[in-house]
Structures are given as C-alpha cells and as structure tokens.
Student: 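Please find one structure pasted underneath; my questions will follow.
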Amino acid sequence: MRRPPTAVFLKNMIDLLLKLINDAATAYAGPGIQVPMPGIVVPPNENQGDFSTGIAFNLAPLIKKPPHEIAAGIAKNIEGKTADMIAGIDVVKPGYINLFMQQAFWHDALASVVEKGTDYGKGDAGKGQKVLMEYISANPTGPIHVGHGRGAVIGDVLARILSAQGYNVTREYYINDAGNQVLSLGYSVLNEYYKSRKIDIPVSRQGEYQGAYIHDISDALESAFSPADINEEHIQRITEFSVNRILDEIKEVLGNFDVGFDHWFSEKQLYQDGSVSRVIGELEKRHAVKQEDGATWFLSTLYGDEKDRVLKKQSGELTYFASDIAYHENKYTRGYDLLINIWGADHHGYLPRVKAAMSALGYDAGRLAVMFVQMVRLTRGDKPVAMSKRAGEYVTLKELVDEAGSDAVRFFFLQRSHESQLVFDIELAKKQSQENPVYYVQYAHARIVSIFSFAQTKGWHTDVLKQNRNYAFSGQEKRLLSQCLLYPGLVKEIAGRREPHRLTHYLVDLVGILHKYYTDTRVVDSDADTEQRLLLMKTVKIVLKNALDLLGIHAPEKM
RNA sequence: GCGCCCGUAGCUCAGUGGAUAGAGCGUCGGACUACGAAUCCGCAGGCCGGGGGUUCAAAUCCCCCCGGGCGCACCA
C-alpha cells in the first residue's frame with residue numbers, strides 16, 4: 001500500500017473530500033460560476049453510501065439545469081480521478097451524489113485523527129480575530145439563579161469553542177457595583193443587622209432585598225466593622241462590604257461550575273475615571289442629546305430606536321443606560337473585532353438604544369452581537385416554583401449544581417437552543433439523575449478507558465498500536481469513523497453560527513453508535529485485528545475527550 | 001396595540017430548503033457464565049398549531065390567523 005505524503009495526514013480527510021467535490025463541480029459548472037462549498041452528510045442508510053452531498057441542489061438555480069442532471073455530470077468528473085479515495089459513486093433520486101469510500105480512505109482518516117490527538121477539532125477559522133464575550137453580569141445584589149446559570153454555560157462554552165477555532169477570546173463579567181441597586185443592598189443589610197439584634201435606631205431607607213443571605217452578610221459585618229461603626233453614616237462602606245461578599249460567593253459558585261472569566265469589569269470605575277460624563281459630553285458634541293423636563297436625553301430615535309432615552313434624571317442621578325454606554329464605548333476602544341453579549345431575553349428591548357449610542361459615537365454597531373437567552377422556568381413536579389428575587393425566594397445556581405452536579409446541569413442547559421424557553425423540573429432532574437444523557441456520554445468515555453485497561457491485561461501494547469492497512473472496516477466501524485470525521489466541521493460551524501447546543505446532540509449521536517458497536521462487537525479478542533479495533537476506539541475517545549473539554553464536562557476514566 | 005422568542009410523539013426538546021421527521025424521559029416486551037447492563041434490541045406513540053403562498057422540493061422561507069412566554073420606565 002502506498003502511504004500518502006505527510007501533508008495529507010495533517011489535512012482533515014473531510015476537507016480533502018470536499019475539495020475534490022468542489023473541484024469536480026467547478027469543472028462541470030464552467031467558468032464564471034461561483035460554486036458554493038459543498039455540504040456533506042452521512043446518509044440515513046448504509047446502502048446509500050458512506051457520505052452524501054447535495055451540491056447539485058445548490059448549483060441548480062445557478063446553472064438552470066435539473067439537480068439530477070447536474071449530479072450525474074459532477075459524478076462523472078469525480079470518477080476515475082480518485083481511485084485511492086473513492087470506491088464508488090451513486091447518483092440518486094432528486095440529485096444526491098452518494099460516495100462509497102475506499103478502505104484506504106478510512107485508514108488515512110483514522111491516522112489523521114490519532115495524529116492530531118488533542119488538537120483534533122481545532123481550527124483557524126477565527127484568524128486571530130479579537131472577540132470580547134460578556135456574559136452573566138448579574139447584579140451583585142444577591143446569589144445568581146438558574147437563569148444566570150444558563151447564560152453562564154452558553155457563554156462559557158461558546159468562548160471555549162471560539163478559542164478552539166482560532167479566535168482570540170476575552171471573557172468578561174460586568175459588575176453593576178454603582179448606583180441605586182447596590183445601595184439598596186447596603187440598606188437591606190444594615191436594617192437586617194439592627195433587626196436581628198433588636199437595635200432600635202431609625203434608618204432613612206428600607207432595603208428591598210430579603211432572604212437568608214442578607215442575614216448572613218449582616219452577621220458578618222462585625223468581622224470588618226467595630227459595632228460602633230455599623231450605622232447609616234458608613235452606608236457606603238457597608239454597601240461595598242456587602243457587594244464584595246456577594247461577589248466572592250458568585251465567584252465561588254462559578255468556580256464550582258467551571259465557568260471562568262479573564263476580566264471583572266467594574267461599573268464604579270467608569271464613574272471614577274470620568275468615562276460616564278465624558279461619553280455624555282461626546283454625545284452632546286455630536287448633537288445627539290437634548291434637555292427636556294429637567295432631564296438629559298439621548299436622541300436615540302435618530303439612530304433607529306423607538307423613543308429617546310434618559311441619561312440623567314430630574315434628580316440629577318445618572319441612569320444605568322449612561323454607564324452602559326460608557327462600558328460599551330470602552331469595549332470598542334479596546335480594539336475588539338467582535339463583541340458578543342449574552343443577555344436574558346427580557347432585555348431584548350434594550351439593544352436598540354445601546355446600538356444607537358454606539359452609532360452616535362461613531363462606532364460600527366454591527367460588531368456588537370447579542371445572544372438573547374430565553375427564560376428558564378422552574379418547576380417541582382408540575383408545580384411552578386415562584387421566582388421573586390426581591391422576596392428572596394428563588395432557586396440559586398448553587399443549589400441546582402449541588403443537587404444535580406455541574407456536569408449534568410451544564411449538559412442539560414446545552415441541549416436546548418438558547419432561543420427556546422425551557423422548563424427545568426427540579427424533581428425530574430434529581431430523580432432522573434442516573435438516566436441523564438450526560439451519563440450516557442460520559443459512560444462511553446469510561447467504557448473505552450476500561451477497554452484499554454482490559455486489553456493491557458491481555459497483553460496488548462496499547463501505546464504502540466500499528467495500523468494494518470489491509471484491514472477492512474465493517475459498516476458499523478465506518479459509521480463510527482464517519483461520525484468522528486464530521487467533528488471538526490461541526491465545531492467550525494458551531495463557532496460561526498453561535499449554536500453551542502449542537503455539540504451535545506452530536507455527542508449523543510456518536511455515543512449511540514459506539515454503544516451499539518460495543519454490544520455487537522468484541523473489541524479485545526485474540527485475533528490480530530484487535531489492534532485495528534483498539535485504534536478505532538482510540539479515535540472515538542479522542543473525539544469524546546475533545547468535545548467534552550469544549551463543553552466543560554468531565555471525561556471520566558471510571559464511573 | 002407594537003416588538004422579540006416559541007408552538008414538532010404523553011412530557012422535555014433536536015432538526016430551519018432536500019432521502020421514509022429524530023432523541024431523551026415516560027408505557028409495554030426482550031438481552032448479561034468473555035472487553036462495564038449507567039448498555040443494547042423491539043413495540044406503541046406525529047394532518048410538525050391552523051390557513052394561504054413561493055419552489056422541482058417546505059417542519060424549515062413569505063403573508064394572515066390562533067395559542068403561549070418575555071419586553072415596551074427619569075428600574076435594571
């Protein structure tokens with residue numbers, strides 16, 4: 001058997017196949033026709049081939065011929081040129097081109113995956129573009145809840161995927177540590193402190209936050225303040241103390257959830273360094289501001305928003321919108337090619353004004369992309385769980401992760417499109433924890449590890465497995481390999497379209513094929529082909545491990 | 001009223017122009033004296049909310065309607 005040159009090994013076999021189809025289609029279409037990149041799928045039935053492309057459908061409107069005729073023409077161009085890669089071509093019904101691959105193709109494919117190892121699935125589609133991803137950014141006025149958790153996982157996984165595809169990603173959490181909300185937190189804590197100690201001192205303001213965590217913070221006050229200093233005169237320091245306590249807890253919860261950040265960006269800093277007033281001044285200079293009813297307005301209607309928005313209230317206070325403008329302006333000045341925000345769907349009405357402000361300041365609002373994550377509705381059984389942050393009655397992310405485990409919660413959130421609402425039944429999540437799909441996937445990884453340790457006890461040298469290129473892969477084995485071969489293209493597509501949930505579905509599909517194969521086939525046997533089957537298992541394991549890493553889910557050696 | 005999202009199997013959801021529409025859970029019935037049964041196999045379950053349209057081809061695109069969620073602050 002002829003061994004392909006090293007360069008071929010380093011190349012993804014699917015990419016080679018796509019190029020081959022593309023070349024054949026280009027030759028068929030003739031000059032002046034821009035042939036789109038062909039898509040490739042594994043057809044539903046084995047007798048329909050190993051791979052299938054619908055390129056003829058895409059070409060039909062361009063060259064105005066029936067798909068079937070085009071498919072036949074392209075197939076003819078493929079034939080003959082590729083004896084070492086393609087064993088047979090079928091042109092079927094509406095216009096599919098079905099491809100049957102040579103055994104050599106499968107051996108090359110397997111070798112290329114094994115050689116890439118942990119790099120398999122990585123790519124350079126991002127071309128080093130700088131991306132800032134902002135997600136969660138929950139107010140530090142209370143523990144983060146499951147809705148934040150959903151955004152956290154989606155942001156975290158997308159960041160991992162973009163990084164793997166050659167984007168230069170920075171992850172950021174914007175802390176709303178200025179303004180009315182956090183001050184209210186401070187007052188809540190102070191009032192609670194007096195109340196729990198039965199101290200009767202009037203406070204000028206009630207806080208709006210309740211719950212055990214307020215009590216906990218109030219209890220902790222004495223660790224940082226002498227009792228004589230715990231009063232309204234020091235409300236700023238008490239507020240700061242409270243915010244820091246909550247931020248510490250948020251960081252701890254996120255740490256246990258494997259969600260990380262490069263930067264924690266403080267809103268307060270934007271006030272302290274003058275950014276907020278500067279940016280308002282800049283808008284004034286650009287004639288995008290008016291004074292009316294004693295307030296200062298940004299003329300966002302000039303830039304497509306439904307109505308103008310207040311920057312400074314009658315009271316003289318600045319709105320959160322004002323600091324949000326400063327924050328986003330700051331992002332632009334840091335030189336990112338792309339800004340991705342992950343917001344709760346209840347904020348969708350907020351986007352036009354932010355984009356309007358960026359346009360008004362002369363920035364390209366098109367570089368700001370917001371993914372709106374739909375609501376999570378919690379139930380216990382069929383009873384809805386009341387979610388009221390102010391009343392302090394809601395299920396926290398910490399509780400959920402403690403109950404179901406980080407891996408399961410992440411996987412669960414990643415099975416749904418971020419654009420779909422989801423009902424999270426806590427009872428069900430607990431009850432079904434053993435049958436959760438995440439275990440299905442993780443079990444496959446543990447199973448392969450187990451196969452390898454068994455093979456070693458049988459005397460196989462699993463670290464120096466040698467390919468036998470005369471080995472003929474079975475139909476099931478080719479299915480397993482072809483699924484593995486689709487992986488890099490999938491990761492690339494997920495990065496481009498920002499659809500992280502597709503990765504979990506891919507894994508469930510892959511693992512389904514694996515488990516069935518395992519049931520039907522004895523991997524470790526006494527025959528020489530054991531080595532080839534072990535190589536196949538190694539291939540699958542590489543894909544599983546790499547994909548689980550992108551999901552931030554543990555790939556266990558045993559369960 | 002206007003805007004965004006959703007409506008697919010009993011439930012929770014994938015599939016967004018192409019081959020007989022899929023998975024998990026739930027029901028029922030099978031498979032362990034050899035590599036992990038957290039697995040596998042089988043049965044049942046769908047006018048893809050409804051109606052028009054575009055197309056060789058529609059769950060997918062367009063229009064209208066119905067139903068649900070979320071927004072529409074000098075709150076965030």
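Small disclaimer: the values here were computed from a predicted structure and weren't measured. In what follows, chains carry the letters A, B, and so on, assigned in the order in which the sequence lines appear, proteins first and then strands, with residues in each chain numbered from 1.
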Student: Between C1' on B:C5 and CD1 on A:Ile154, what's the gap in Å once rounded to a whole number?
Tutor: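 Checked: the CD1 to C1' distance equals 13 Å.
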Student: At under 4.0 Å between heavy atoms, what does A:Asn98 touch on the DNA or RNA strands: base, sugar-phosphate, or nothing?
Tutor: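 Base contact - A:Asn98 has a heavy atom under 4.0 Å of at least one base atom.
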Student: Can you tell me how the ring of A:Tyr350 sits relative to the ring of A:Phe321, calling it parallel under 30°, perpendicular over 60° and tilted otherwise?
Tutor: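 Answer is perpendicular, since the angle exceeds 60°.
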Student: Can you see if the side chain of A:Arg447 gets near the phosphate of B:A37 - specifically, an N or O under 4.0 Å from OP1 or OP2?
Tutor: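 Yes, because at least one side-chain N or O of A:Arg447 sits under 4.0 Å from OP1 or OP2 of B:A37.
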Student: Has A:Tyr443 got a side-chain N or O lying under 4.0 Å from the OP1 or OP2 atom of B:A38?
Tutor: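 Answer is yes, contact under 4.0 Å.
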Student: Ignoring hydrogens and geometry beyond distance, is a side-chain donor-acceptor pair present between A:Asp525 and A:Thr530 at under 3.5 Å?
Tutor: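 No.
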Student: If the test is side-chain hydrogen bond (donor to acceptor under 3.5 Å, both in side chains), which one of A:Lys312, A:Gln291, A:Gln314 qualifies with A:Thr296?
Tutor: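 With A:Thr296 as partner, A:Lys312, A:Gln291, A:Gln314 yield a single side-chain hydrogen bond (donor to acceptor under 3.5 Å, both in side chains), made by A:Gln291.
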Student: How about A:Ser266 and A:Asp177: does a side-chain donor come under 3.5 Å of a side-chain acceptor?
Tutor: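 Per modelled atom types, A:Ser266 and A:Asp177 side chains form a pair under 3.5 Å.
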Student: Expressed as a whole number of Å, how far does the P atom of B:C25 sit from that of B:G42?
Tutor: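 Going atom to atom, P in each nucleotide, I get 15 Å.
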Student: What nucleotide, of B:A38, B:A19, B:C74, holds the atom closest to the side chain of A:Tyr439?
Tutor: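 Comparing B:A38, B:A19, B:C74 against the side chain of A:Tyr439, the answer is B:A38.
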Student: For the base of B:U39, is there a side-chain donor-acceptor partner from A:Asp520 under 3.5 Å away?
Tutor: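 When only heavy-atom distances are counted, A:Asp520 does not reach the base of B:U39 through any donor-acceptor pair under 3.5 Å.
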Student: For B:A9 and B:U27, measure between their C1' atoms and round to the nearest Å.
Tutor: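 Straight-line distance between the two C1' atoms is 13 Å.
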Student: Decide, yes or no, whether a salt bridge links A:Asp527 with A:Arg522 under the criterion of side-chain N to carboxylate O below 4.0 Å.
Tutor: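 No, A:Asp527 and A:Arg522 are not salt-bridged.
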Student: Using atom CD of A:Glu419 as one end and atom C1' of B:A14 as the other, report the distance to the nearest whole Å.
Tutor: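 The distance from CD of A:Glu419 to C1' of B:A14 comes to 14 Å, rounded to the nearest Å.
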Student: Over all strands shown, is A:Ser417 touching base, sugar-phosphate only, or nothing at heavy-atom distances under 4.0 angstrom?
Tutor: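 Sugar-phosphate, no base atom in range.
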Student: Figure out the NZ/P separation between A:Lys516 and B:A37, and round it to whole Å.
Tutor: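 After rounding, the reported distance stands at 15 Å.
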Student: Please indicate whether A:Lys290 has more than 12 foreign heavy atoms, meaning atoms of other residues, nucleotides or ligands, lying under 6.0 Å from its NZ.
Tutor: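 Buried by this count: over 12 neighbours within 6.0 Å.
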Student: Are any of A:Lys313's side-chain N or O atoms less than 4.0 Å away from OP1 or OP2 of B:C75?
Tutor: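 Result: yes.
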Student: Is the count of non-hydrogen atoms from other residues, nucleotides or ligands lying under 6.0 Å from A:Lys355 atom NZ greater than 12?
Tutor: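 Atom NZ in A:Lys355 is packed in, count exceeds 12.
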Student: Atom NZ of A:Lys290 and atom P of B:C74: how far apart are they, to the nearest Å?
Tutor: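 Spelled out: NZ on A:Lys290 to P on B:C74 is 11 Å.
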Student: Please determine, for the side chain of A:Arg416, which listed nucleotide (B:C35, B:U12, B:C75) has the closest atom?
Tutor: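 My answer, after comparing the listed nucleotides, is B:U12.
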Student: I'd like the P distance from B:G67 over to B:G22, given in whole Å.
Tutor: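 Going atom to atom, P in each nucleotide, I get 32 Å.
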Student: Examine distances only and state if a side-chain atom of A:His505 and a backbone atom of A:Gln415 form a donor-acceptor pair shorter than 3.5 Å.
Tutor: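 Flag set: sc A:His505 to bb A:Gln415 pair under 3.5 Å.
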Student: Tabulate atom names and distances for all N/O pairs under 3.5 angstrom spanning the protein and nucleotides 69-72 of chain B.
Tutor:
| from | atom 1 | to | atom 2 | distance (Å) |
| --- | --- | --- | --- | --- |
| B:G69 | O2' | A:Gln421 | OE1 | 3.4 |
| B:G69 | O2' | A:Gln421 | NE2 | 3.4 |

Student: Tell me the interatomic distance from A:Lys558, atom NZ, to B:U39, atom P, rounded to whole angstroms.
Tutor: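 Computing the A:Lys558:NZ to B:U39:P distance gives 19 Å.
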Student: Using the P atom as the reference point in each nucleotide, state the distance between B:C4 and B:C43 in Å, no decimals.
Tutor: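 Taking atom P in both B:C4 and B:C43, they lie 44 Å apart.
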Student: Would you find more than 12 non-hydrogen atoms of other residues, nucleotides or ligands less than 6.0 Å from A:Glu306 atom CD?
Tutor: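 Incorrect, the count does not exceed 12.
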Student: Go through B:C40, B:A76, B:G36 for me and flag the one nearest to the A:Thr519 side chain.
Tutor: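 Selected nucleotide (nearest to the side chain): B:C40.
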Student: Just by distance, no angles: are the side chains of A:Arg245 and A:Ser242 close enough, under 3.5 Å, to form a donor-acceptor pair?
Tutor: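 No, A:Ser242 and A:Arg245 have no side-chain donor paired with an acceptor closer than 3.5 Å.
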Student: Just say parallel, tilted or perpendicular for the rings of A:Trp343 and A:His328, cut-offs at 30° and 60°.
Tutor: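 Perpendicular, since the angle between the ring planes exceeds 60°.
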Student: Establish whether the base of B:A19 is bridged to the side chain of A:Gln48 by a donor-acceptor pair shorter than 3.5 Å.
Tutor: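 It does, because a donor-acceptor pair links the side chain of A:Gln48 to the base of B:A19 below 3.5 Å.
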Student: Using a 4.0 Å heavy-atom cut-off, does A:Asn45 contact any base of the nucleic acid, only the sugar-phosphate backbone, or nothing at all?
Tutor: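 Base, at least one base atom sits under 4.0 Å.
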Student: Can you tell me which nucleotide in B:C35, B:C74, B:C56 comes closest to the side chain of A:Pro67?
Tutor: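 Of the options given, the side chain of A:Pro67 lies nearest B:C56.
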Student: With nearest nucleotide decided by heavy atoms, which residue, A:Tyr517 or A:Tyr320, maps closer to the 5′ end of RNA chain B?
Tutor: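 With A:Tyr517 and A:Tyr320 compared, the 5'-side residue is A:Tyr517.
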Student: Is A:Asp293 touching bases, backbone alone, or none of the nucleic acid, heavy atoms closer than 4.0 Å?
Tutor: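 It contacts base atoms.
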Student: Measure the distance from NZ on A:Lys355 to C1' on B:G3 and round it to the nearest whole Å.
Tutor: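 Checked: the NZ to C1' distance equals 15 Å.
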Student: Would you classify A:Thr530 as touching base, sugar-phosphate or nothing, given that sugar-phosphate means primed atoms plus P, OP1 and OP2, and contacts are heavy atoms under 4.0 Å?
Tutor: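 The answer is nothing, as A:Thr530 stays clear of every strand by at least 4.0 Å.
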Student: Which of these nucleotides, B:C75, B:C35, B:C40, is closest to any side-chain atom of A:Ser450?
Tutor: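 Comparing B:C75, B:C35, B:C40 against the side chain of A:Ser450, the answer is B:C35.
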Student: Taking only Lys NZ, Arg NE, NH1 and NH2, and the carboxylate oxygens of Asp or Glu, determine whether A:Lys331 and A:Glu134 approach each other closer than 4.0 Å.
Tutor: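 Yes, A:Lys331 and A:Glu134 are salt-bridged.
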Student: Would you check if there is a donor-acceptor pair between the side chains of A:Gln181 and A:Thr141 at a distance under 3.5 Å?
Tutor: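 Per modelled atom types, A:Thr141 and A:Gln181 side chains form no pair under 3.5 Å.
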Student: Classify the nucleic acid contact of A:Val523 as base, sugar-phosphate or nothing, counting any heavy atom under 4.0 Å across all strands shown.
Tutor: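 Contact class for A:Val523: base.
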Student: Write down the distance separating the C1' atoms in B:G69 and B:G26, rounded off to the nearest Å.
Tutor: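 About 26 Å, rounded to a whole number of Å.
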Student: Atom CE of A:Met371 to atom P of B:C4: distance rounded to whole Å?
Tutor: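 Distance check: A:Met371 CE to B:C4 P gives 19 Å.
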Student: Between A:His418 and B:C5, is there a side-chain N or O to OP1/OP2 distance below 4.0 Å?
Tutor: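 False: A:His418 side-chain N/O out of range (4.0 Å or more) of B:C5 OP1/OP2.
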Student: Could you state the OH-P distance from A:Tyr518 to B:C41, rounded to the nearest angstrom?
Tutor: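 Interatomic distance, OH of A:Tyr518 to P of B:C41: 15 Å.
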Student: Say you pick atom P in B:U8 and the same atom in B:C47; how far apart are they, in whole Å?
Tutor: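 The same atom, P, in both gives a distance of 11 Å.
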Student: Hey, is the main chain of A:Asn180 close enough, under 3.5 Å, to the side chain of A:Ser184 for a donor-acceptor pair?
Tutor: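 Answer holds: no.
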Student: Hey, does A:Ala60 reach any base, or is it just sugar-phosphate, or nothing, if we go heavy atoms under 4.0 Å?
Tutor: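 The residue A:Ala60 makes no contact with any strand.
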Student: Give me the distance, rounded to whole Å, that separates B:A58 from B:G51 when you measure between the C1' atoms they each carry.
Tutor: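 Rounded to whole Å, the distance is 15 Å.
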Student: Take N1-N3 plus N6-O4 or O6-N4 for Watson-Crick, N1-O2 plus O6-N3 for G-U, both under 3.5 Å. Which runs of 3 or more such pairs involve RNA chain B?
Tutor: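 RNA chain B forms these stems: B:1-7 with B:66-72, B:10-13 with B:22-25, B:28-31 with B:39-42, B:49-53 with B:61-65.
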Student: Among A:Tyr173, A:Phe265, A:Tyr320, which residue meets the ring-ring contact (aromatic ring centres under 6.0 Å, His included) test with A:Tyr327?
Tutor: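 Option passing the ring-ring contact (aromatic ring centres under 6.0 Å, His included) with A:Tyr327: A:Phe265.
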Student: Could you label the plane-to-plane angle of the A:Tyr303 and A:Phe298 rings as parallel, tilted or perpendicular, counting under 30° as parallel and over 60° as perpendicular?
Tutor: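 Parallel: the ring planes of A:Tyr303 and A:Phe298 meet at under 30°.
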Student: Considering every strand and a 4.0 Å limit on heavy-atom distances, what is the contact class for A:Pro352: base, sugar-phosphate, or nothing?
Tutor: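 It contacts nothing in the nucleic acid.
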Student: Taking the P atom in each of B:C63 and B:C2, what is the distance between them to the nearest angstrom?
Tutor: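 These two P atoms come out 14 Å apart once rounded.
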Student: Nearest-nucleotide wise, let me know which of A:Val310 and A:Phe372 is further upstream toward the 5' end of RNA chain B.
Tutor: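 On the 5' side of the pair lies A:Phe372.
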Student: Hey, what are the protein-to-nucleotides 21-30 of chain B N/O distances that come in under 3.5 Å?
Tutor:
| from | atom 1 | to | atom 2 | distance (Å) |
| --- | --- | --- | --- | --- |
| B:C25 | O2' | A:Gln432 | NE2 | 2.2 |

Student: Hey, is the side chain of A:Ser420 poking within less than 4.0 Å of OP1 or OP2 on B:A14, counting only N and O atoms?
Tutor: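 Yes, within the criterion.
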Student: Using a 4.0 Å heavy-atom cut-off, does A:Leu351 contact any base of the nucleic acid, only the sugar-phosphate backbone, or nothing at all?
Tutor: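 The residue A:Leu351 makes no contact with any strand.
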